[in-house]
Amino acid sequence: MSQPNDSSHVILPGATLGVMGGGQLGRMFVHAAQSMGYRTAVLDADAASPAGLVSHEHIRTSYLDEAGLTDLACVSAAITTEFENVPAAALDKLAEARPVAPAGSAVAVCQDRAREKAHFVGCGVACAPHALIETPAQLAAVTDELLPGILKTARMGYDGKGQVRVKTREELAAAWGQLQQVPCVLEKMLPLAYEVSVIVARGRDGQVVHFPLQQNLHRDGILAVTQVPAPNVTEAVSQQAYESAHQIATSLDYVGVLCVEFFVLQDGRIVANEMAPRPHNSGHHTIDACDVSQFELQVRAMTGLPLVEPVLHSPCVMLNLLGDLWFPLVAGEPSLVQREPDWAAVLALSGTHLHLYGKTEARVGRKMGHLTVTGATADAAHATAIKAAAILGIEAF
Ligand code: ATP
Ligand code: MG
């Protein structure tokens, strides 16, 4: 190993940055690192992973493979993760040799809904009323207060997977069975007015900066649309969200980019939903609409370079491009024949920025790319985004 595990020095361009995971978040991280002059190494078992395809080096092993982890540590001056469910033990192992940001201990809290909620509460940040269900006794002890609710697996959930909506105790018992009786959190179903998220970056020195808050629309549990500035948000809500996100990052002693998702309730209250220990889908617009992207801030945080308060230079709308768009509806049913969406028509609209992740196979619900639409005003960005959505077959918003 060529460099000591010294987290006090700044790692300058020319060095290699390692990333655990080869998905689209890793790909955009690699793009940002490379444009700043860093080399990159990605660890992901998939030969065709979006980030592996564009990285200088691609180590094709599983996350817990000893030899793979040793290789990654050997070639990298610092290491980050793009995938929330990378085993914390793998990050701890890497940290014996190299600076790792965020740390395995912080990622471990985010990986477990029960620990995550306990962390929110410990920070004085409200979250949904909930109960941990690990045993039949805990299932029986659930109070009616929590129904109707959403039963969520404590670990490994994403994009609404591992979640069942339940109205009655009978449905709850059946849902826990359906989820193989793994540890779960039952959350009370809350009356949402809208959803927002805040992305912060925290440096090794404890400095925290944040992006302007995003408003997010989910469809079928998957992020569909992000708008910035957030159209419905009041100053009081955004200040509370910023303060909560700073507090959550600081009390984890977090280093790197962290996203906190919030629900804003119909009575105006704001509660934390969950957090992601990495750049987030609701921050993809930062590439085209901000003076520094969430991926560049991840590079800066992990290398010890200065963080700056990011500025939104253009109002924008981000549309997620799911694999569904490759199978247009014919008489209400998804077509069986895959077709390429009409990118040329979308790109003829001024202010559209297309990002595709290099995934060859389109599948329903799979994140294939995103489109960021910028405009001189929020209304202009929205109007163009509506046109782009109509061309692509995305429902208006
Ligand atoms: P992600 O892809 O963001 O990791 P996830 O699978 O972890 O998603 P959640 O964020 O827990 O899922 O939930 C997905 C969506 O379901 C939320 O954005 C929200 O729209 C809805 N939802 C989740 N929990 C609740 C709740 N307690 N009350 C009302 N709606 C909820
Ligand atoms: Mg979520």
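Counting starts at 1 for both ligands and their atoms, in listed order. Nothing fancy with the numbering, it's 1 onward along the sequence.
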* To do: Would you mind telling me if ligand 1 is within reach of the side chain of Glu187, the backbone, both or neither, using heavy atoms under 4.0 Å?
  => side chain
* **Spatial distance of atom CG (Leu371) from atom CG (Leu392) [nearest 0.5 Å]** => 6.5 Å
* **Option nearest atom 16 (O) of ligand 1 (shortest heavy-atom distance, choices Glu195, Arg165, Glu261)** => Arg165
* Residue Arg113 vicinity, atoms of ligand 1 by number, heavy atom under 4.0 Å -> 5 (P), 6 (O), 7 (O), 11 (O), 12 (O)
* Asked: For ligand 1, which part of Leu192 has a heavy atom less than 4.0 Å away: the side chain, the backbone, both, or neither?
  -> side chain
* Structure fact -> Atoms of ligand 1 under 4.0 Å from any heavy atom of Gln163, numbered from 1 in the order shown, are 5 (P), 6 (O), 9 (P), 11 (O), 12 (O), 13 (O)
* Close approach of Glu84 to ligand 1, heavy atoms, under 4.0 angstrom -> no
* Is it possible for you to say whether Ile386 and Val346 belong to one hydrophobic cluster, with membership spreading through side-chain heavy-atom contacts below 4.5 Å? => yes
* Give yes or no for whether the N/O distance cutoff of 3.5 Å, strictly under, is met between Leu190 and ligand 1. => yes
* To do: Determine, considering heavy atoms only, which of Cys110, Gly221, Cys127 sits nearest to atom 15 (C) of ligand 1.
  => Gly221
* Asked: Which of the atoms in ligand 1, numbered in the order shown and given with their element, are less than 4.0 Å from a heavy-atom of Asn273?
  -> 9 (P), 10 (O), 11 (O)
* Asked: Honestly curious: do Val198 and Val228 fall in one hydrophobic cluster under the side-chain, below-4.5 Å linking rule?
  -> no
* Minimal non-hydrogen separation, Cys316 against Thr372, with atom names -> CB-CG2, 4.2 Å
* From CG (Leu64) to CD (Glu66), nearest 0.5 Å -> 8.5 Å
* Near His218, which atoms of ligand 1 are under 4.0 Å from a heavy atom of that residue? -> 18 (O)
* Does an N or O from Lys152, backbone or side chain, lie closer than 3.5 Å to an N or O of ligand 1? -> yes
* Do we see a donor-acceptor contact under 3.5 Å between the side chains of Glu57 and Thr16? -> no
* Pull out every atom of ligand 1 sitting under 4.0 Å from any heavy atom of Ile150, numbered as shown with elements. => 22 (N), 23 (C), 24 (N), 25 (C), 26 (C), 31 (C)
* Measure the spacing between CG of Asn281 and CD of Gln294 and express it to the nearest 0.5 Å. => 8.5 Å
* To do: Output the distance between atom CE (Met368) and atom OG1 (Thr360), rounded to the nearest 0.5 Å.
  => 7.5 Å
